[in-house]
Amino acid sequence: MAAQTPVAELIQVCKYYGEGEMRVKALDDLSLSVYRGEYVAVMGASGSGKSTAMSILGCLDRPSSGSYRLNGRAIESLSDDQLALLRNRDLGFVFQQFHLLPQLSALENVMLPMVYAGVPLVERRRRATAALERVGLAQRLANKPNQLSGGQQQRVAIARAIINNPALLLADEPTGALDSRTTSEVLAIFDALHQSGITLVLVTHELEVASRAERLVQFKDGQLLADRRRSAAATGGDWQLD
């Protein structure tokens, strides 16, 4: 564990959707801490609550009860504008679909979060260029998404996600639309980001993808089913119960 203070902490979180007889409990008294510098994989069947937990971790949704703290700050009391600012400054997102703007170049797509953060143009270009070089796309700065392969588009999305040096990087099925070779390339980038100190939470349904993480969290029926860390001697998908 890299530090004793959690960068993200869910405290007895419940999340409900619907009303009355139609009410569904997506999260049931869930407590989970993610520590600075960790690489956490989240698994669970459809409907297990993992996507709901990811939405709350990403400040895209709020708990119905309980508390979520990001860098020690409770998010449930923040306004929508405050949450938007928090997402821009403290969080990075990578999804299965790349969500790149088709009319913009790779460089312009990566620069976009810095526009909202008020970073000057010269600095935006410098940092975006460095981020694209970091993911192996130094020669593709001017290419638009339709001129890039799926794997290259995901690399642009990763560069965009890390451009504001987020406290927490969230990846939701980031390899779901990629072939096996491209998946390995993207996972190698996540490995390098983790080694550089980035805190990473990755949702996946593939154990092979999850095995790259140092910690595996499993959900079932909105609750934490298991929390395992890789033992010092473990390799591949071998885990020890926390």
Side-chain angles (χ1 to χ4, degrees), residues 34 37-43 51 54-55 57-58 60 87-117 119 121-214:
V34 178
E38 278 195 312
Y39 185 172
V40 182
V42 179
M43 298 190 73
S51 294
M54 196 72 149
S55 292
L57 287 171
L60 299 169
R87 287 193 296 270
N88 179 259
R89 291 183 174 177
D90 290 354
L91 297 166
F93 300 90
V94 182
F95 300 100
Q96 180 172 337
Q97 303 303 321
F98 316 123
H99 299 300
L100 302 178
L101 295 182
Q103 71 274 23
L104 300 184
S105 68
L107 185 67
E108 291 166 336
N109 266 287
V110 175
M111 288 169 60
L112 200 56
M114 292 184 288
V115 174
Y116 301 132
V119 178
L121 177 59
V122 172
E123 179 66 6
R124 294 202 302 265
R125 288 187 179 276
R126 185 193 69 78
R127 284 167 53 180
T129 299
L132 285 164
E133 290 174 348
R134 189 174 182 181
V135 298
L137 291 179
Q139 306 304 315
R140 298 286 187 173
L141 304 184
N143 288 93
K144 293 185 177 179
N146 65 0
Q147 299 171 313
L148 300 170
S149 68
Q152 289 169 335
Q153 290 184 65
Q154 191 62 296
R155 287 171 183 245
V156 174
I158 293 170
R160 180 185 59 192
I162 63 174
I163 197 65
N164 282 336
N165 299 312
L168 182 63
L169 178 61
L170 302 169
D172 193 354
E173 298 284 2
T175 62
L178 306 177
D179 60 35
S180 57
R181 180 183 64 82
T182 310
T183 290
S184 295
E185 293 172 354
V186 167
L187 291 177
I189 292 173
F190 284 134
D191 290 344
L193 293 175
H194 169 232
Q195 290 164 10
S196 75
I198 285 180
T199 307
L200 174 60
V201 176
L202 181 150
V203 169
T204 182
H205 65 276
E206 300 179 63
L207 186 57
E208 184 177 356
V209 172
S211 69
R212 305 289 283 259
E214 64 184 4

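Keep in mind that what you see is a predicted model, and the values were worked out from it rather than measured. Heavy-atom basis, side chains included; hydrogens, waters and symmetry copies ignored.
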Quiz item: Got a donor-acceptor contact below 3.5 angstrom from the Glu173 side chain to the His205 backbone?
Solution: yes
Self-check item: Donor-acceptor contact present, side-chain Thr175 to main-chain Leu178, <3.5 Å
Solution: no
Practice problem: Taking the side chain as every heavy atom from C-beta outward, state whether Met54 and Val42 have any atom pair closer than 4.5 Å. | Solution: no
Quiz item: Can you check whether Leu193 reaches Arg134 side chain to side chain, under 4.5 Å on heavy atoms?
Solution: yes
Self-check item: Nearest-0.5 Å distance that lies between atom CD1 in Ile198 and atom CG in Asn165
Solution: 7.5 Å
Exercise. If a pair satisfies ring-ring contact (aromatic ring centres under 6.0 Å, His included) and one of its residues is in residues 136-194, list it, with sequence neighbours excluded.
Key: Tyr39-His194
Exercise. With rounding to the nearest 0.5 Å, note down the distance linking CG in Leu200 to CD1 in Ile162.
Key: 11.0 Å
Quiz item: To the nearest 0.5 Å, what is the distance between CG (Leu168) and CZ (Arg87)?
Solution: 13.5 Å
Self-check item: Worked verdict on Leu100 versus Lys144 for side-chain contact (heavy atoms from CB on, under 4.5 Å)
Solution: CA-CA 9 Å; Leu100 302 178; Lys144 293 185 177 179; over 6 Å; no
Self-check item: Residue pair Ile189 / Arg155: nearest heavy atoms and the distance that separates them
Solution: CD1-CG, 3.7 Å
Quiz item: So, for Pro166 and Ala161, which heavy atoms are closest and what is the spacing to 0.1 Å?
Solution: CG-O, 3.5 Å
Practice problem: Check whether any side-chain heavy atom of Leu132 sits under 4.5 Å from a side-chain heavy atom of Val156, and report yes or no. | Solution: yes
Quiz prompt | Within 6.0 angstrom of Gln103 CD, more than 12 heavy atoms from elsewhere | solution = yes
Self-check item: Under the ring-ring contact (aromatic ring centres under 6.0 Å, His included) test, residues paired with His99 that sit two or more places apart
Solution: Phe95
Practice problem: Locate the shortest heavy-atom distance separating Ala159 from Val135; write the atom from each residue and the value. | Solution: CB-CG2, 4.1 Å
Practice problem: Look up atom CG in Asp179 and atom CD in Glu185, then write down how far apart they are to the nearest 0.5 Å. | Solution: 8.0 Å
Only distances under 3.5 Å count here; give the side-chain donor-acceptor pairs of residues 106-117 to other protein atoms, sequence neighbours excluded, each with its distance to 0.1 Å.
unit_1, atom_1, unit_2, atom_2, d
Glu108, OE1, Ser105, N, 2.8
Glu108, OE1, Ser105, OG, 3.3
Asn109, OD1, Leu101, N, 2.8
Asn109, ND2, Leu101, O, 3.2
Asn109, ND2, Leu104, O, 3.2
Asn109, ND2, Ser105, O, 3.1

Exercise. For the residue pair Asn164 and Arg89, establish whether any side-chain heavy-atom pair is separated by less than 4.5 Å.
Key: no
Self-check item: Thr204 versus Arg212, side-chain donor and acceptor atoms under 3.5 Å
Solution: no
Quiz item: How far apart are the C-alpha atoms of Ser180 and Glu208, what are their side-chain angles, what is the distance that settles it, and do they pass the side-chain contact (heavy atoms from CB on, under 4.5 Å) test?
Solution: CA-CA 11 Å; Ser180 57; Glu208 184 177 356; over 6 Å; no
Quiz item: Quick one: CD1 on Ile163 to CG on Asn88, what's the gap to the nearest 0.5 Å?
Solution: 11.5 Å
Exercise. Report yes or no: does Gln154 contribute a side-chain atom to a donor-acceptor pair with the main-chain N or O of Pro174 at less than 3.5 Å?
Key: yes
Quiz prompt | CG-CG distance between Leu169 and Asp90, expressed to the nearest 0.5 angstrom | solution = 13.0 Å
Quiz item: Hey, which of Arg125, Arg126, Arg124 is the one that makes side chain to side chain contact (heavy atoms under 4.5 Å, CB included) with Val119?
Solution: Arg124
